[in-house]
Amino acid sequence: RSAAGRRAIEAEIEAAITAWTSTRDADAAMGVLQSAGVASGVARLPIDLLKDPQLHARGFIQDVDRAFIGRHPQPSMPFREGDAPFAIRSVPPTLGEHNREILGGMLGLSDAELDELAREGIIGTEMLMDEQLVKENKRAAG
């Protein structure tokens, strides 16, 4: 009935919670706990939040058009000032989306220089995976 009392049997409480939760789906456990008046929620990985039905129902996850990758789910503002969620006014840039604008326009590199940087793998619009990075590092080292 007290914090000190719970601390005294913390290991026992943790074992009981582990035993109870390990036999249940996370969403089902959350539903049972919430039905009993226990504040609870599922700890989700960020990638799983993109599929969360509650976030979609609230309009928090909105589909936007992004350069190079097309339609993409994007989190919006977590708060509202009215009934509707805030619209996403601009999407975050993708990798290399502004290479020509920045490197060519602002820094004055020529198209030939930009093409060379792309051929060398120094700039681009696709993320390199670990295997590709190792391969590129070996190639660059000679």
Next item on the list: With sequence neighbours excluded, give me every salt bridge (Lys or Arg N to Asp or Glu O under 4.0 Å) pair touching residues 24-45.
Entry: Asp27-Arg44, Arg44-Asp52
Item checked: Under the side chain to side chain donor-acceptor pair (under 3.5 Å) test, residues paired with Gln62 that sit two or more places apart -> Ser76
Next item on the list: Sequence neighbours left out, what pairs pass salt bridge (Lys or Arg N to Asp or Glu O under 4.0 Å) with at least one residue falling in residues 82-98?
Entry: none
Next item on the list: With sequence neighbours excluded, tell me which residues meet side chain to side chain donor-acceptor pair (under 3.5 Å) with Arg100.
Entry: Asp111, Asp115
Checklist line | Counterpart residues, salt bridge (charged side-chain N to carboxylate O under 4.0 Å, His left out), relative to Lys135 (two or more places apart) | finding: none
Check: What residues form a side chain to side chain donor-acceptor pair (under 3.5 Å) with Arg119, not counting sequence neighbours?
Finding: Glu116
Checklist line | With Thr18 via side chain to side chain contact (heavy atoms under 4.5 Å, CB included) - residues at least two apart | finding: none
Check: When Ile, Leu, Val, Met, Phe, Trp and Tyr are grouped by side-chain heavy atoms lying under 4.5 Å apart, directly or through other members, which residues fall in the same group as Met77?
Finding: Phe79, Phe86
Checklist line | Residues which pass side chain to side chain donor-acceptor pair (under 3.5 Å) with Arg7, listed by chain and number, not counting sequence neighbours | finding: none
Check: What residue pairs, at least two apart or across chains, pass salt bridge (Lys or Arg N to Asp or Glu O under 4.0 Å) with a residue in residues 62-75?
Finding: Asp65-Arg71
Checklist line | Partners passing side chain to side chain contact (heavy atoms under 4.5 Å, CB included) against Leu95 (at least two apart in sequence or in another chain) | finding: Met127
Note to self: Which residues pass the side chain to side chain contact (heavy atoms under 4.5 Å, CB included) test with His56, not counting sequence neighbours?
What the structure shows: Ile61
